[in-house]
**Student:** 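Pasting in a structure now, in structure tokens, and then I'll have a few things to ask.
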Amino acid sequence: MDAKSIFLNHLAQTSPHPLAIAVDYASGSYIYDQSGKKYLDLISGIAVSNIGHSHPAIIKAVKEQAEKYMHVMAYGEFIQAPQNKLAKKLADLLPEVLDSSYFVNSGAEANEGALKLAKRITGRTEIVAFKKSYHGSTHGALSVSGNEVKKNAFRPLLPDVKFLEFNNPDDLVGITERTAAVIIEPIQGDAGVRIADQNYLNSLRNRCTEVGAQLIFDEIQTGFGRTGKLFAFEHYGVTPDILTIAKAFGGGMPIGAFISSKPKMNSLTHNPMLGHITTFGGHPVNCAAALANIEVIQNDRLIDRVESKGKLLEELIAHPGIKEIRRKGLMFAIEFETADLVQKIVKRCIENGVIAFWFLSCPESFRLAPPINISDEDIREGARIIHEAISTCC
Ligand code: PLP
């Protein structure tokens, strides 16, 4: 059986038409397939490989930790240096009220933990979320995601979830003394890069404080330099009660976290004790990789150039066929008149060696989220291929 047949017959599929690129290896901004064709990855494996694929610092950290120890105990019992160092690093980087990290394995799991924590802190049950949001595919995370088409087949989901319109200040009265948590992406990713207004986030923060609801920022897609700051909330100067991270956190390894204040986190230790548990969360190899990832971002001062690289790519892509470009840093939605056009352009880009991709809840746009250390030369080459695809299809 050839590789494609095994892939199609023995691996569970989630779409009728997977791209089925047979990966040989990946390095920096490129993925190489088995036939030797190279692809410029302008989506970073969907906002994961922010420092490029297989960065030597990540490989070194993974190897060194794997040789010392891998899994030794379920979460929260043993002192493990990679977890300790990573938690301390995050506490040093984040505002004081975000000084305690709970490490998990994925973005969905980070949000599950955050929602449970908010319920435990407030003793309330209602969750407020936003239309078109995406927070993950597990039952809880799906319940607070705003895409009805993706949810309907899996009901019943969590009860007591209310959806507000993103960026609409009039809707904020929907957050009340009944609300345990408000979960929001400060820049909605899969809705097609929808950027919250400054005044709106200020009002949201104030409303949550007023009624005692926990404000959760899901920065799973926007974190680790993607938008031109380490976290998107830094653009706004608005601090959440709980922060969730994953995707680019591990430099290519699977790790997420929900982060809050130590007193709040302590609510998971009693009534019941072991209020949230995980076997693999905070895996030492992944924690070592995550620490190395942050060090690369800091030492190479990668965030300093995100905005100028984003601007360059935006300028080079500009084309009369484009309806709108929504962008923050190196997080892009390129919008066209029709979803059909987007399908054709993305396909042509991939054929010509540039990986662009669709959004879950915005069919008239395609996404770009290149590694934040992409070279200007690769930006020019990627833009040339995208421009050609647009000219051919429009
Ligand atoms: N939250 C946001 C904003 C996301 O973009 C995603 C994934 O795309 C998730 C949560 C879910 O993360 P994961 O796929 O790691 O469960």
Side-chain angles (χ1 to χ4, degrees), residues 46-48 50 75 83 86-87 89-91 93-95 97-122 127-130 133-146 158 161 166 180-191 196 201 204-205 208 213-227 229-236 238-250 253-262 264-265 267-268 275-276 278 280-282 286-287 290 293-294 331:
I46 311 208
V48 170
N50 282 15
Y75 188 84
Q83 292 182 348
L86 182 58
K89 176 62 111 181
L90 287 169
L93 285 170
L94 289 166
V97 292
L98 299 172
D99 66 347
S100 175
S101 293
Y102 191 125
F103 297 129
V104 293
N105 306 284
S106 67
E109 232 187 290
N111 286 332
E112 297 287 343
L115 295 173
K116 282 176 69 185
L117 178 63
K119 284 184 169 178
R120 191 63 192 78
I121 294 166
T122 59
I127 311 286
V128 168
F130 292 85
S133 61
Y134 182 68
H135 299 291
S137 205
T138 53
H139 268 90
L142 190 62
S143 302
V144 295
S145 296
L158 271 187
V161 180
F166 186 79
V182 176
I183 182 165
I184 188 166
E185 302 155 82
I187 297 172
Q188 285 190 322
D190 272 288
L201 271 203
L204 174 63
R205 174 66 275 181
C208 288
Q214 298 299 296
L215 179 57
I216 303 171
F217 278 175
D218 175 340
E219 292 243 19
I220 287 161
Q221 200 169 136
T222 48
F224 298 95
R226 172 59 47 212
T227 69
K229 298 271 186 194
L230 189 60
F231 297 105
F233 75 79
E234 296 169 34
H235 290 290
Y236 297 92
V238 173
T239 304
D241 299 293
I242 306 172
L243 175 70
T244 60
I245 57 176
K247 283 196 180 275
F249 183 26
M253 297 296 280
I255 181 166
F258 58 101
I259 305 173
S260 190
S261 71
K262 187 63 187 161
K264 286 181 179 174
M265 280 290 192
S267 62
L268 296 174
H276 192 71
T278 161
F280 283 125
N286 300 343
C287 286
N293 179 53
I294 295 173
M331 182 173 183

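None of these values were measured; they are calculated from a predicted model.
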**Student:** Would you mind reporting whether Thr222 and Met331 have side-chain heavy atoms less than 4.5 Å apart?
**Tutor:**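 Answer yes - side chains close enough.
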
**Student:** Just by distance, do the side chain of Lys247 and the backbone of Ile46 share a donor-acceptor pair under 3.5 Å?
**Tutor:**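 Yes, Lys247 side chain to Ile46 backbone: donor-acceptor pair under 3.5 Å.
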
**Student:** Are the side chain of Gln83 and the backbone N or O of Cys287 linked by a donor-acceptor pair below 3.5 Å?
**Tutor:**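 Absent.
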
**Student:** Considering all heavy atoms of both residues, which atom of Thr278 and which atom of Glu109 are nearest to each other, and what is their separation?
**Tutor:**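 Closest approach of Thr278 to Glu109: OG1-OE2, 4.0 Å.
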
**Student:** Please lay out, stage by stage, how Gln221 and Asp190 fare under the test side-chain contact (heavy atoms from CB on, under 4.5 Å).
**Tutor:** CA-CA 9 Å; Gln221 200 169 136; Asp190 272 288; 3.3 Å; yes

**Student:** Let me confirm one number: the CD1-CD1 distance from Ile259 to Ile245, rounded to the nearest 0.5 Å.
**Tutor:**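 Output value for this atom pair is 3.5 Å.
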
**Student:** Hey, which of Leu94, Leu90, Val97 is the one that makes side-chain contact (heavy atoms from CB on, under 4.5 Å) with Leu243?
**Tutor:**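 Of the listed options, the one satisfying the test is Leu94.
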
**Student:** Dump the intermediate steps for side-chain contact (heavy atoms from CB on, under 4.5 Å) on Lys116 and Phe258, then the final yes or no.
**Tutor:** CA-CA 11 Å; Lys116 282 176 69 185; Phe258 58 101; over 6 Å; no

**Student:** Between the side chain of Glu112 and the main-chain N/O of Ala141, is any donor-acceptor distance below 3.5 Å?
**Tutor:**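 It does hold such a pair.
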
**Student:** Do you know which two heavy atoms are closest between Phe249 and Phe103, and how far apart they sit?
**Tutor:**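 Looking at all heavy atoms of both residues, the closest pair is CZ-CE2, 3.8 Å.
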
**Student:** Is the backbone of His135 close enough, under 3.5 Å, to the side chain of Ser145 for a donor and an acceptor to pair up by distance?
**Tutor:**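 Pair found, side chain donor or acceptor close to backbone of His135.
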
**Student:** I need the minimum non-hydrogen distance between Thr244 and Ala110, along with the two atoms involved.
**Tutor:**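 Residues Thr244 and Ala110, closest heavy atoms: CG2-O, 3.6 Å.
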
**Student:** For Gln214 and Lys264: C-alpha separation, side-chain torsions, deciding distance, then whether side-chain contact (heavy atoms from CB on, under 4.5 Å) applies.
**Tutor:** CA-CA 10 Å; Gln214 298 299 296; Lys264 286 181 179 174; 3.0 Å; yes

**Student:** Determine whether Val144 and Asn111 make a side-chain contact, defined as any pair of heavy atoms from C-beta on separated by less than 4.5 Å.
**Tutor:**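 Val144 does not reach Asn111 side chain to side chain.
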
**Student:** Is the closest side-chain heavy-atom distance between Ile121 and Asp241 below 4.5 Å?
**Tutor:**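 Sidechains of Asp241 and Ile121: no contact.
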
**Student:** What are the two closest non-hydrogen atoms of Gly136 and Ala108, and how far apart are they?
**Tutor:**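 Closest approach of Gly136 to Ala108: CA-CB, 4.0 Å.
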
**Student:** Hey, does Tyr102 have a side-chain heavy atom less than 4.5 Å from the side chain of Leu268?
**Tutor:**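 Yes. Closest side-chain heavy atoms under 4.5 Å.
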
**Student:** Taking atom CD1 of Ile183 and atom CD1 of Ile127, what is their separation to the nearest 0.5 Å?
**Tutor:**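 With rounding to 0.5 Å, CD1 (Ile183) is 8.0 Å from CD1 (Ile127).
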
**Student:** For a 4.5 angstrom cut-off between non-hydrogen side-chain atoms, does Leu98 reach Pro240?
**Tutor:**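 A side-chain contact under 4.5 Å exists here.
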
**Student:** Quick check against the 3.5 Å criterion: does Arg226 have a side-chain atom that pairs as donor or acceptor with the backbone of Asn50?
**Tutor:**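 Answer holds: no.
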
**Student:** Of all heavy-atom pairs between Thr227 and Ala232, which one has the smallest distance, and what is that distance?
**Tutor:**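 For Thr227 and Ala232, the tightest heavy-atom pair comes out as OG1-CA, 3.8 Å.
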
**Student:** Taking the side chain from Arg120 and the backbone from Ser267, do they hold a donor-acceptor pair closer than 3.5 Å?
**Tutor:**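 At least one qualifying donor-acceptor pair exists.
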
**Student:** Measuring from Phe130:CZ to Glu185:CD, what's the distance to the nearest 0.5 Å?
**Tutor:**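 Going from CZ on Phe130 over to CD on Glu185, the span is 10.5 Å.
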
**Student:** Once the angle between the rings of Phe233 and Phe217 is folded into 0 to 90°, is it parallel (under 30°), tilted (30 to 60°) or perpendicular (over 60°)?
**Tutor:**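 If you compare the ring of Phe233 with that of Phe217, the planes turn out tilted.
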
**Student:** Given Leu117 and Ser260, is the side-chain contact (heavy atoms from CB on, under 4.5 Å) satisfied, shown in steps?
**Tutor:** CA-CA 9 Å; Leu117 178 63; Ser260 190; 3.9 Å; yes

**Student:** Is the Phe231 ring parallel, tilted or perpendicular to the Phe224 ring (thresholds 30°, 60°)?
**Tutor:**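 Perpendicular: the ring planes of Phe231 and Phe224 meet at over 60°.
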
**Student:** Any idea which heavy atoms bring Thr122 and Ala180 closest together, and the distance?
**Tutor:**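 Between these two residues, the closest heavy atoms are OG1-CB, 3.4 Å.
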
**Student:** Would you call Leu86 and Ile294 a side-chain contact if the rule is heavy atoms closer than 4.5 Å?
**Tutor:**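 Yes, at least one pair of side-chain atoms sits under 4.5 Å.
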
**Student:** Is it the case that the side chain of Asn286 and the backbone of Pro254 share a donor-acceptor pair, with hydrogens and angles ignored and the cut-off at 3.5 Å?
**Tutor:**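 Answer holds: yes.
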
**Student:** Heavy atoms, side chains only, cut-off 4.5 Å: are Ser133 and Ile184 in contact?
**Tutor:**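 Counting from C-beta outward, Ser133 and Ile184 never come under 4.5 Å.
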
**Student:** Is a donor on one side and an acceptor on the other found under 3.5 Å between the side chain of Glu234 and the backbone of Lys229?
**Tutor:**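 No.
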
